[in-house]
Amino acid sequence: MTDHTPRQHARTPWRAVLGGSIGNLVEWFDWFVYASFATYFASAFFPKGNETAQLLNTAGIFAVGFFMRPVGGWLLGRFADRRGRKAALTLTVTLMSASALLIAIAPTYDQVGYFGAGVLLVARLLQGLSVGGEYAASATYLTEASQPGRRGFVSSFQYVSMTAGQLIGLGLQIVLQRTMSEDALHSWGWRIPFIVGAVAAAVVFWLRRNLLETEAYAEEDGHRGADRGTVRELLRHRKEAALVIALTMGGTVAYYTYTTYLTKYLSNTAGLSKSDASLVSFCALFLFMLLQPVAGALSDRIGRRPLLISFGIGSMLGTVPLMTALSHTDTFAGALLLSLAALVIVTGYTSINAVVKAELFPTHVRALGVALPYALANALFGGTAEYVALWFKKSGMESGYYWYVSACAAVSLIVYLTMRETRDTLLTRGRTGGRTASGKPQTTSV
């Protein structure tokens with residue numbers, strides 16, 4: 001077995017953080033701009049005359065991406081466990097670039113009929129595969145590439161980059177709306193963000209080509225070859241897989257509620273103007289992004305469970321009063337403070353959920369163990385959060401959604417209270433001494 005240790009210790013930590021997390025920025029930029037620019041390009045791919053039908057068709061293709069995420073989690077999680085974290089990170093960013101480029105150059109309905117919509121569908125399939133694999137590949141890489149006493153801090157940059165992707169997408173949308181006419185945006189301007197996404201993904205590809213493989217994976221190379229990254233092997237860790245689904249349930253519902261759905265909620269329910277609602281979301285997300293490393297570093301000192309438990313309690317007890325107060329706020333400052341309060345609670349989950357999942361599994365099935373259960377939970381609960389919220393609102397029972405979010409948090413809270421602490425898990429055989437930065441004995445997960 002090749003000795004990778006000297007090169008591994010020579011790694012520049014911030015280079016590993018950047019390479020491991022920045023793909024999430026591009027992923028979420030592309031994910032955001034598809035949803036936000038759909039109103040501009042829907043008419044390009046479907047027959048004119050019925051704007052609602054055009055948007056529904058475009059939304060249907062958008063939804064395909066969520067259904068492909070578990071498939072991507074399975075295929076790319078398996079790939080990461082069998083071929084390496086670096087190889088998986090390079091593949092996911094290649095799929096990202098291809099999907100963005102396809103949308104950017106897709107021909108319109110007037111040019112080729114429904115063939116253009118077919119290109120759009122293929123692009124979303126690729127994007128769904130990529131997103132499904134990117135989360136696990138980056139979570140696994142960041143966790144394995146960092147020192148035991150800094151894993152929470154380093155892995156928190158996954159959500160820093162994810163949030164940054166949304167902010168950049170929102171910022172670009174604001175710039176284009178202010179500098180281009182409606183006709184220009186509908187005609188060709190909507191292609192600009194996808195060109196930006198394709199170019200950004202190409203840059204990330206170059207960065208990731210120069211990454212080193214993690215020490216934990218290098219030590220496992222040659223062991224358990226037939227079982228690596230298989231569903232059969234994952235089923236031997238079914239308890240941990242079930243834990244991932246359950247601990248994700250409350251967190252992903254709360255995250256989508258206070259990020260992607262928040263702008264619509266402030267506009268449709270609270271009655272803020274669309275511009276004020278967008279600005280509230282932008283400011284709240286920016287501050288939320290800055291909180292992630294702080295909370296991640298805190299988890300390295302006090303453990304993962306205290307943060308998860310604080311999120312579970314806060315979300316279970318705080319969602320109803322916070323959402324109710326948000327529905328009655330009529331000022332920018334009030335909406336921002338309430339939104340930020342909600343996101344501070346959610347930080348207890350987002351800042352460390354990736355590292356907790358990675359610390360639950362042994363190396364030879366870690367990427368698949370993170371990817372597949374998370375993708376399933378995210379598709380079932382996170383991807384449907386906005387639809388469930390709008391269904392309650394349409395039914396005249398909007399407050400029912402608040403209780404739904406609280407109930408999901410309650411289920412996850414039970415898991416947080418009963419699961420083991422993962423901070424002191426030893427991921428590699430090479431790091432000896434038997435104790436973590438906290439001074440506690442390390443439990444093995446190789």
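Residue numbers count from 1 along this sequence. Just so you know, these numbers use all the heavy atoms, side chains as well, and skip hydrogens, waters and symmetry mates.
For the atom pair L247 CG and T252 OG1, the distance stands at 11.0 Å (nearest 0.5 Å). The distance from the CD atom of Q127 to the CZ atom of R124 is 4.5 Å, given to the nearest 0.5 Å. Taking OG from S339 and CG from L262, the interatomic distance works out to 4.0 Å, rounded to the nearest 0.5 Å. For the atom pair CG (L308) and OH (Y416), the distance works out to 5.5 Å, reported to the nearest 0.5 Å. S399 contributes atom OG, which lies 6.5 Å from atom OH of Y402 (distance to the nearest 0.5 angstrom). Taking OG1 from T248 and CG from L376, the interatomic distance works out to 10.0 Å, rounded to the nearest 0.5 Å.
No donor-acceptor distance shorter than 3.5 angstrom exists from the side chain of Y159 to the backbone of T350, with no hydrogens or angles considered. Judged purely by atom type and a 3.5 angstrom limit, D30 has no side-chain atom pairing as donor or acceptor with the backbone of A100. A distance-only check finds no donor-acceptor pair linking the side chain of R304 to the backbone of V356 [under 3.5 Å]. Between the side chain of D276 and the main chain of F332, no donor-acceptor pair closer than 3.5 Å is present. Judged purely by atom type and a 3.5 angstrom limit, S161 uses its side chain to pair as donor or acceptor with the backbone of Q158. R85 places no side-chain N or O within donor-acceptor distance of the main-chain N or O of Y141, the cut-off being under 3.5 Å. In this structure a side-chain-to-backbone donor-acceptor pair under 3.5 Å is missing from S267 to K264. Proximity of a side-chain donor or acceptor of T163 to a complementary backbone N or O of V160 within less than 3.5 Å is not detected. Side chain of T214 to main chain of Y217: a donor-acceptor pair is present (N/O by atom type, distance under 3.5 Å, no hydrogens or angles). Of the possible donor and acceptor atoms, none in the side chain of T269 sits under 3.5 Å from a partner among the backbone N and O of L266.
Taking the side chain as every heavy atom from C-beta outward, T329 and T331 approach each other to under 4.5 Å. In this structure the side chain of L307 reaches within 4.5 angstrom of the side chain of L298, judged on heavy atoms. Between D81 and T230 there is no side-chain heavy-atom pair separated by less than 4.5 Å. Looking only at side-chain heavy atoms (C-beta outward), V26 and V93 stay at 4.5 Å or farther from each other. Within the 4.5 Å cutoff, no side-chain heavy atoms of S130 are placed close to those of T94. Side-chain contact check for S315 versus T319: some heavy-atom pair is nearer than 4.5 Å. I302 is not listed as a side-chain neighbour of S299, based on a closest heavy-atom distance of 4.5 Å or more. The side-chain heavy atoms of L126 and M68, taken from C-beta on, include no pair separated by under 4.5 Å.
Between S156 and Q292 the shortest heavy-atom distance is CB-O, 3.4 Å. Nearest heavy atoms, A379 versus T384: O-CG2, 3.6 Å. When every heavy atom of T179 is checked against every heavy atom of V175, the shortest pair comes out as OG1-O, 2.8 Å. Closest approach of F205 to T90, counting heavy atoms only: CE1-CG2, 3.2 Å. What you find for G116 and V112 is that their closest heavy atoms are N-CG2, 3.6 Å. For the residue pair L142 and V154, the shortest heavy atom distance occurs at O-CG1, 3.8 Å.
Within a 6.0 Å sphere centred on CZ of R83, other residues, nucleotides and ligands contribute 12 heavy atoms or fewer.
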Criterion side-chain contact (heavy atoms from CB on, under 4.5 Å) on E27 and M162, from CA distance to verdict: CA-CA 8 Å; E27 289 277 12; M162 287 169 63; over 6 Å; no
Chi angles and distances behind the side-chain contact (heavy atoms from CB on, under 4.5 Å) call for Q111, F115: CA-CA 9 Å; Q111 293 172 326; F115 179 76; over 6 Å; no
From CA spacing to verdict: salt bridge (Lys or Arg N to Asp or Glu O under 4.0 Å), E134, R208: CA-CA 13 Å; E134 172 67 24; R208 287 183 167 179; 2.7 Å; yes
Trace of the side-chain contact (heavy atoms from CB on, under 4.5 Å) decision for L89 with L211: CA-CA 10 Å; L89 287 169; L211 289 176; 4.0 Å; yes
From CA spacing to verdict: side-chain contact (heavy atoms from CB on, under 4.5 Å), K393, N268: CA-CA 10 Å; K393 182 174 179 63; N268 295 336; 4.1 Å; yes
Pair Y135-N353, side-chain hydrogen bond (donor to acceptor under 3.5 Å, both in side chains): steps then yes or no: CA-CA 11 Å; Y135 175 87; N353 80 96; 2.3 Å; yes
Chi angles and distances behind the ring pair (Phe, Tyr, Trp, His ring centres under 6.0 Å) call for W74, Y374: CA-CA 10 Å; W74 167 52; Y374 167 79; over 10 Å; no
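Counting only residues at least two apart or on different chains, no salt bridge (charged side-chain N to carboxylate O under 4.0 Å, His left out) pair has a member in residues 305-329.
Tested against F311 for a ring-ring contact (aromatic ring centres under 6.0 Å, His included), the candidates Y349, Y255, Y258 yield a single pass: Y349. With Y265 as the fixed residue, the side chain to side chain contact (heavy atoms under 4.5 Å, CB included) test singles out one of L272, L326, L390: L326. Of the candidates F41, Y40, W28, F29, F41 is the only one forming a ring-ring contact (aromatic ring centres under 6.0 Å, His included) with Y34.
Partners of L76 according to the side-chain contact (heavy atoms from CB on, under 4.5 Å) rule, which considers only residues two or more places apart in sequence or in another chain, are L91, T92, L95. For the side-chain hydrogen bond (donor to acceptor under 3.5 Å, both in side chains) test, residues two or more places apart in sequence or in another chain that qualify with T263 are S281.
Note on ring orientation: taking the six-membered ring where Trp is involved, the planes of F392 and Y401 are tilted (angle from 30° to 60°).
The pair K357-E240 does not meet the salt-bridge criterion, since no charged nitrogen lies less than 4.0 angstrom from a carboxylate oxygen. The pair K86-E144 fails the salt-bridge criterion, with no side-chain N (NZ, NE, NH1 or NH2) lying under 4.0 Å from an Asp/Glu carboxylate O. Using a cut-off of 4.0 Å between Lys/Arg side-chain N and Asp/Glu carboxylate O, E359 and R423 are scored as not salt-bridged.
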